[in-house]
2 protein chains.
Amino acid sequence: MGNLADVLRARGYKVTGPRQQVFDALEGTEKPLSPYEIQNLLQEEDSFLNHVTIYRILDLFSRLGLAHRVLSNSGFVKCNLPGQEGCHRFVICRCCGSVQEFADKELCRKEKSFALDCGFHAESHLSETLGLCAKCYGRRDEKTTI
Amino acid sequence: MGNLADVLRARGYKVTGPRQQVFDALEGTEKPLSPYEIQNLLQEEDSFLNHVTIYRILDLFSRLGLAHRVLSNSGFVKCNLPGQEGCHRFVICRCCGSVQEFADKELCRKEKSFALDCGFHAESHLSETLGLCAKCYGRRDEKTTI
DNA sequence: GGCCTAAATGCAATATTGTTGCATTTAGGC
DNA sequence: GCCTAAATGCAACAATATTGCATTTAGGCC
Ligand SMILES: [Mn+2]
Ligand SMILES: [Mn+2]
Ligand SMILES: [Zn+2]
Ligand SMILES: [Zn+2]
C-alpha cells in the first residue's frame with residue numbers, strides 16, 4: 001500500500017512487521033527519535049522489537065533514503081522529500097525539538113561551488129539550521145523544553 | 001602565551017596542564033578526534049588524563065568556541081576561525097577524514113533568509129559538506145581510508 | 001615565599017548507545 | 001504447502017557518556 005512497502009519491494013527487500021512499525025513510529029512524530037526511543041514507543045503499544053533489529057532497520061531506511069539521521073538533535077526522522085539525494089537541509093527548533101526537511105536548489109548549488117573554490121570536490125552536504133519554529137517563536141519566554 | 005591561555009584567562013577559567021594538552025592534541029591534527037582518541041594520543045606521550053576530564057575540557061572548549069564537534073565525522077576539531085559565532089561550515093574528506101573550517105558571509109545570510117521564508121527564526125547553523133579534498137581527489141582510485 | 005579556597009581533576013560506579021556472531025523465525029518465490 | 005535466503009531475536013560485548021563525590025591544584029591574597 002503505502003510508501004514503505006513500495007520502496008522495499010522495488011529494491012528487493014522484504015516487507016515485514018518490524019519495518020512497518022519503525023516506519024510508523026517515525027511517521028508519527030516530527031521530533032527525531034533515537035533507536036531506543038523507538039523501542040520504548042513501540043513497547044507502549046505492547047509491541048516488542050529487539051534494539052539490534054531497530055538499528056538495522058534504521059540503517060536500511062537511511063540507505064534507502066526513507067529516513068535521515070539528524071545530527072544536531074541526535075535521532076532519526078522520516079524523509080519527507082523522497083528522491084532528493086545528497087542534499088539534506090533541516091531546520092531544527094531548539095525549543096520543541098521539531099525538525100523540518102527542505103530542499104533548495106540554489107543553496108545546494110552555492111554550497112557546492114563554494115566548496116570547489118576551496119579546492120574541495122563536494123559530493124553531498126548536510127545543513128542543519130537551529131533556531132525557533134514559528135510556533136515556539138510566538139510563545140517565546142514560556143519555557144524552553146528541549 | 002598562546003591562544004588558549006589568553007582565552008581561558010579572559011573568561012575567568014584556570015590555565016591548566018590538562019587543558020593545554022587537549023588543546024595541543026587538537027592542534028596537532030586536521031582530523032576530528034574523539035575524547036578517547038585524545039586520551040590515547042596523550043598516553044603515547046606518557047601523559048594520562050581521565051576520560052571524564054577530557055569530556056569536560058572538550059565541553060568547555062565548545063562553549064568557548066575553541067573547538068567544534070564535527071557531527072558527520074564524530075569528533076572534535078580545533079576552531080580555526082575564532083570569533084565567528086553561530087555559523088559553522090565544514091568540508092570533510094570522506095577519504096582521509098580531514099576537516100577544514102570555513103566562513104562564508106553570503107551563504108550564511110542565504111541560509112538564514114531561507115529559513116525565515118519557511119517561517120523559522122534562525123539563530124545558528126551548521127553545514128557539513130562531504131566529498132574529497134584536493135589531495136585525495138588527485139589520488140583517486142588508490143584506496144579509501146576512512 | 002606560604003596559606004586558602006573555589007575550581008579543576010581523578011576515580012568509581014553506572015547509564016546509554018552501538019556492534020558482533022550465531023540461533024531461530026519468516027516472507028515470498030516456487 | 002515447501003523451501004531458502006533474508007530478517008529478526010538473543011546474548012554477550014564494546015564503546016561512549018554521565019554522575020557524585022574525594023582529592024588535588026591554580027591563582028588570589030597576605
Ligand atoms: Mn530526505
Ligand atoms: Mn570555529
Ligand atoms: Zn518549536
Ligand atoms: Zn582527503
Side-chain angles (χ1 to χ4, degrees), chain A residues 1-2 4-25 31-43 45-64 66-77 146, chain B residues 1-2 4-25 31-43 45-64 66-77 146:
Chain A
M1 282 278 110
L4 175 64
D6 294 343
V7 175
L8 289 176
R9 271 193 283 263
R11 304 268 232 119
Y13 292 97
K14 294 184 176 174
V15 179
T16 67
R19 285 173 180 168
Q20 266 300 341
Q21 295 170 55
V22 171
F23 193 74
D24 293 347
K31 303 182 202 185
L33 297 174
S34 73
Y36 285 96
E37 284 171 332
I38 291 173
Q39 189 179 47
N40 293 336
L41 264 181
L42 295 178
Q43 220 153 2
E45 304 164 7
D46 292 313
S47 161
F48 181 80
L49 289 188
N50 188 280
H51 72 278
V52 179
T53 301
I54 299 178
Y55 275 97
R56 294 196 271 229
I57 290 176
L58 290 171
D59 188 61
L60 176 66
F61 284 4
S62 299
R63 291 194 320 269
L64 296 180
L66 289 167
H68 298 286
R69 166 153 248 169
V70 179
L71 298 170
S72 308
N73 224 354
S74 204
F76 290 83
V77 289
I146 209 176
Chain B
M1 278 286 107
L4 175 64
D6 293 343
V7 174
L8 289 176
R9 272 194 282 263
R11 304 268 234 119
Y13 291 97
K14 293 183 177 174
V15 179
T16 68
R19 286 174 180 167
Q20 266 301 340
Q21 294 172 55
V22 171
F23 192 75
D24 293 347
K31 305 184 198 182
L33 297 175
S34 73
Y36 286 95
E37 285 171 332
I38 291 173
Q39 190 179 47
N40 293 337
L41 265 183
L42 295 178
Q43 219 152 3
E45 303 165 8
D46 293 311
S47 160
F48 180 80
L49 289 188
N50 188 280
H51 71 277
V52 180
T53 300
I54 299 176
Y55 275 96
R56 294 195 272 230
I57 289 175
L58 290 171
D59 188 62
L60 176 66
F61 284 4
S62 299
R63 292 194 319 270
L64 296 181
L66 290 167
H68 299 286
R69 164 155 247 167
V70 179
L71 299 168
S72 307
N73 224 356
S74 205
F76 290 82
V77 288
I146 210 176

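Model, not experiment: these values are computed from the prediction. Residue numbers start from 1 in every chain, and the chains themselves are labelled A, B, ... in the order their sequence lines are given, proteins ahead of strands.
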Novice: B/Val77 and B/Lys31: which non-hydrogen atoms are nearest, and at how many Å?
Specialist: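 That would be CG1-C, 4.2 Å.
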
Novice: Between atom CG in B/Leu58 and atom P in C/dT9, what is the gap in whole Å?
Specialist: 11 Å

Novice: Can you see which heavy atom on A/Tyr55 is nearest to which on A/Tyr36, and at what distance?
Specialist: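 Heavy-atom minimum between the residues: OH-CE1, 3.3 Å.
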
Novice: Nearest 0.5 angstrom please: A/Leu58 CG to A/His51 NE2, how far?
Specialist: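 NE2 of A/His51 is found 12.0 Å from CG of A/Leu58.
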
Novice: Is there a Watson-Crick or G-U wobble partner for D/dA17 with both distances under 3.5 Å, and which nucleotide is it?
Specialist: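 Here D/dA17 is engaged in a pair, and the nucleotide opposite it is C/dT14.
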
Novice: So, does A/Gln39 use its side chain to make a donor-acceptor pair with the main chain of A/Phe48 at under 3.5 Å?
Specialist: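 No, A/Gln39 side chain to A/Phe48 backbone: no donor-acceptor pair under 3.5 Å.
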
Novice: Find which nucleotide of DNA chain C each of B/Leu49 and B/Lys14 is nearest to by heavy atoms, and output the residue with the more 5' nucleotide.
Specialist: B/Lys14

Novice: Rounded to the nearest Å, what distance is computed from the CD atom of residue B/Glu37 to the C1' atom of nucleotide D/dA17?
Specialist: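 Nearest whole value for this atom pair: 15 Å.
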
Novice: Please give the nucleotide sitting opposite D/dC10 as a Watson-Crick or G-U wobble pair, both distances under 3.5 Å, or none.
Specialist: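 Pairing partner, where one exists within any strand: C/dG21.
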
Novice: Between D/dT25 atom P and B/Leu8 atom CG, what is the distance in whole Å?
Specialist: 18 Å

Novice: If you check the A/Arg56 side chain, which of D/dG27, D/dG9, C/dT9 turns out closest?
Specialist: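 Closest nucleotide among those given: D/dG9.
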
Novice: Atom CD1 of A/Ile54 and atom C1' of D/dA7: how far apart are they, to the nearest Å?
Specialist: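 After rounding, the reported distance stands at 14 Å.
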
Novice: Show the nearest heavy-atom pair for residues B/Arg19 and B/Leu4, with the distance to one decimal.
Specialist: O-CD2, 3.6 Å

Novice: What's touching nucleotides 16-18 of chain C from the protein side, N or O pairs under 3.5 Å?
Specialist:
from, atom 1, to, atom 2, distance (Å)
C/dG18, OP1, A/Arg69, NH2, 3.1
C/dG18, OP2, A/Tyr55, OH, 2.5
C/dG18, O5', A/Tyr55, OH, 3.2
C/dG18, N7, A/Tyr36, OH, 3.1

Novice: Looking at the side chain of A/Arg19, which of C/dT20, D/dT8, D/dT19 is the nearest nucleotide?
Specialist: D/dT8

Novice: Base, sugar-phosphate, or nothing for A/Val52, non-hydrogen atoms under 4.0 angstrom?
Specialist: base

Novice: Between P on C/dA27 and CD on A/Gln20, what's the gap in Å once rounded to a whole number?
Specialist: 12 Å

Novice: Give the minimum heavy-atom separation between B/Arg9 and B/Val15, together with the two atoms involved.
Specialist: NH1-CG2, 3.7 Å

Novice: If you measure from CD on A/Gln20 to CD1 on A/Ile57, what distance do you get to the nearest 0.5 Å?
Specialist: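 Reported to 0.5 Å precision, the distance equals 10.0 Å.
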
Novice: Can you measure A/Phe48 atom CZ to C/dT24 atom P for me and round it to whole angstrom units?
Specialist: 18 Å

Novice: So, under a plain 3.5 Å distance rule, would you say the side chain of A/Arg9 forms a donor-acceptor pair with the base of C/dG28?
Specialist: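 In this structure, the two groups form no donor-acceptor pair.
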
Novice: Checking base pairs now: Watson-Crick or wobble, both atom distances under 3.5 Å. What partners C/dT26?
Specialist: D/dA5

Novice: Can you name the nearest heavy-atom pair linking B/Leu33 to B/Ala25, along with the distance?
Specialist: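 Looking at all heavy atoms of both residues, the shortest contact is CD1-O, 3.6 Å.
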
Novice: A/Gln39 has an atom CD; how far is it from atom P of C/dA15, in whole Å?
Specialist: 17 Å

Novice: Which nucleotide sits closest to the side chain of A/Thr53: C/dA27, D/dG9, C/dT9?
Specialist: D/dG9

Novice: Hey, does the side chain of A/Thr16 come within less than 4.0 Å of D/dT8's phosphate (OP1/OP2), counting only N and O?
Specialist: yes

Novice: Rounded off to whole Å, could you give me the CG-to-P distance for the B/Asn50 and C/dA12 pair?
Specialist: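 In whole Å, C/dA12 P lies 9 Å from B/Asn50 CG.
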
